[in-house]
Protein chains: 2
Amino acid sequence: MDQLDDLKITQPPQTLREIVLDRMRNAILSGRFASGERLVERTLCDQLGVSRSVVREAIRYLEAEGLVEIMPNKGPMVARMDWAQAEQIYEIRQLLEQNAAAACAIKADASLKQKLTAATKAIEAASAAHENPALIAATTEFYELIFTAAGHHIAWEVVQRLNGRISRLRLLTLATTDRRVPGPLRMAQICAAICANDPDAAAQAVFDHLEEATKIARRLLKETA
Amino acid sequence: MDQLDDLKITQPPQTLREIVLDRMRNAILSGRFASGERLVERTLCDQLGVSRSVVREAIRYLEAEGLVEIMPNKGPMVARMDWAQAEQIYEIRQLLEQNAAAACAIKADASLKQKLTAATKAIEAASAAHENPALIAATTEFYELIFTAAGHHIAWEVVQRLNGRISRLRLLTLATTDRRVPGPLRMAQICAAICANDPDAAAQAVFDHLEEATKIARRLLKETA
DNA sequence: TGCGATCCTATGGTATACCAACATACCATT
DNA sequence: AATGGTATGTTGGTATACCATAGGATCGCA
């Protein structure tokens, strides 16, 4: 099977539109395009070296994702976010992530526990090295393991999309070092609860983690606003 | 927010793209475009009397919404759905709708209670008249009241989008008449719990309602599959 | 000098034509 | 009959043209 996969003409059917979509999404998520910044179509065409059709279709997708807003007669801009929205998103994450962690704790087998432990270590490493992009990636990986193991693929989709809307906040909260209990420790608690096949403890650990993240986010957003 | 929309000078800056988007979405949700049916761009252009640009951009949006899938080198088709997905969607709805109903029950004031009661009556009327489209609309209105009153706008967005994916299923479950406890009665229970400002009872009522809907959906989907 | 009308430009919205890549089905030759 | 080529249909991608509108700059008039 593996050999076959290797033989396969791994021609990435990645279309130009998808590349542009990724680039633009990353530019927004990473803050390269500031919140509220206007996205002038023809300018983007020049920057990306593609035609308007491609850019416009990518914008439609981002609009549906909630990352881009269309101002009537003005064109697209990077979506803005306020605390009222962020709060709701954190609340939804609470529900979905607790649910997933609990389900995962019930189903977790040896293989998953091993992977989850590795992911936790990766988070600790990235955190210790203060490498924020790696930290984001490792945290995402951690949660993806949990949601996938729980079989909650659609919930994971939802969470990812919502996270996109608060990406800047996540960057800030993850980078915050003045937490009383460091973030990686929280992850370790979640990991431990799942490894112990204890759904209640897993849900509680997720609750603690998100509760803290919510508080930090609230403080950061309120003071910058 | 809603009031503002109502006040707004309803000069429809509704762009052609939005019209096409609505039409296509409705066509999919209502089953006019069958699940798995291919959506040939140029054919759609003819049917709708618009150019490819418009259709393509609408398709991008629907793709992001999860209503349309793109098959590489084959083009778009109406997204398919299986029970595994539907089950997850019902589970997410359980979480979000219980949460919203509980929050709504805490906040509910006289004005909301009155509106909610009216919405419940509308559901009963539509159900008695066996008018499914009206029933769907009334049910949507009912839930929108709850989510809006709870301030859970983003959760409502999520629920609506997820409901879009299981629209055909909803049509079937709502139309099903062989439920032991009729759907409208369930709605009345939810309404009563909220009017009594009893969050626990509201959550329980939502649970009962969705649990039943889930069972019906499972049976329908499994037997037609 | 101040105000308003008018024109210009930038931008988005839409339509259309064109080409390349790919898949599929059909057909012809061997 | 099997192979290979061909025709067709579809999408992906691009370029371009045209129009409508918003916002600003300019100009003229009071």
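Every value quoted in this text rests on a predicted model; they were computed, and no experiment measured them. First the proteins, then the strands, lettered A, B, ... as listed; each starts at 1.
Atom CD of A:E63 is separated from atom C1' of C:dG12 by 13 Å (rounded to the nearest Å). Rounded to an integer number of Å, the gap from CD of A:E41 to C1' of C:dG12 is 6 Å. Atom C1' of nucleotide D:dT10 and atom CE of B:M77 are separated by 16 Å, given to the nearest angstrom. The distance from atom CD of B:E57 to atom P of D:dG12 is 14 Å, rounded to the nearest whole Å. Taking atom CG on A:L44 and atom P on C:dA10, their separation rounds to 17 Å, with Å as the unit. Computed from coordinates, the A:R56 CZ to D:dT16 C1' distance equals 14 Å when rounded to whole Å. Distance B:L48 CG to C:dA15 C1': 15 Å, rounded to the nearest Å. The interatomic distance linking A:M71 (CE) with D:dT21 (P) rounds to 19 Å, in whole Å.
Salt bridge annotation for A:E157-B:R165: present, with a cationic side-chain nitrogen under 4.0 angstrom from a carboxylate oxygen. The residues B:E212 and B:K215 are annotated as not salt-bridged, no charged nitrogen and carboxylate oxygen being separated by less than 4.0 angstrom.
In this structure, A:R52 reaches the bases: a heavy-atom distance under 4.0 Å links it to at least one base atom across the strands shown. A:I70 comes within contact range of no nucleotide atom at all, as no heavy-atom separation falls under 4.0 Å. Counting any heavy atom pair closer than 4.0 Å across all strands shown, A:I59 reaches no nucleic acid atom.
Relative to the side chain of A:L16, the nucleotides C:dG12, C:dT16, D:dT14 differ in distance, and D:dT14 lies closest.
Each of A:V54 and B:V40 lies near DNA chain D, and the nucleotide nearest B:V40 is the one positioned closer to the 5' end. Residue A:G49 is the one, among A:K74 and A:G49, whose nearest nucleotide of DNA chain D lies closer to the 5' end (criterion: closest heavy atom).
Between A:R17 and the phosphate of D:dG12, there is a side-chain N or O to OP1/OP2 separation shorter than 4.0 Å. Within the 4.0 Å cut-off from OP1 or OP2 of C:dA10, not a single side-chain nitrogen or oxygen of A:R42 is found.
Annotation: B:K115, atom NZ; neighbour count of heavy atoms from other residues, nucleotides and ligands within 6.0 Å does not exceed 12.
Ring geometry for B:Y90 against B:W83 counts as tilted: the plane angle lies between 30° and 60°, on a 0 to 90° scale.
A donor-acceptor pair is defined here as one N or O able to donate and one able to accept, closer than 3.5 Å; no such pair exists between the side chain of B:E65 and the backbone of B:L62.
Counting distance only, with no hydrogens placed and no angle test, the side-chain atoms of A:S51 and the base atoms of D:dA15 include no donor-acceptor pair under 3.5 Å.
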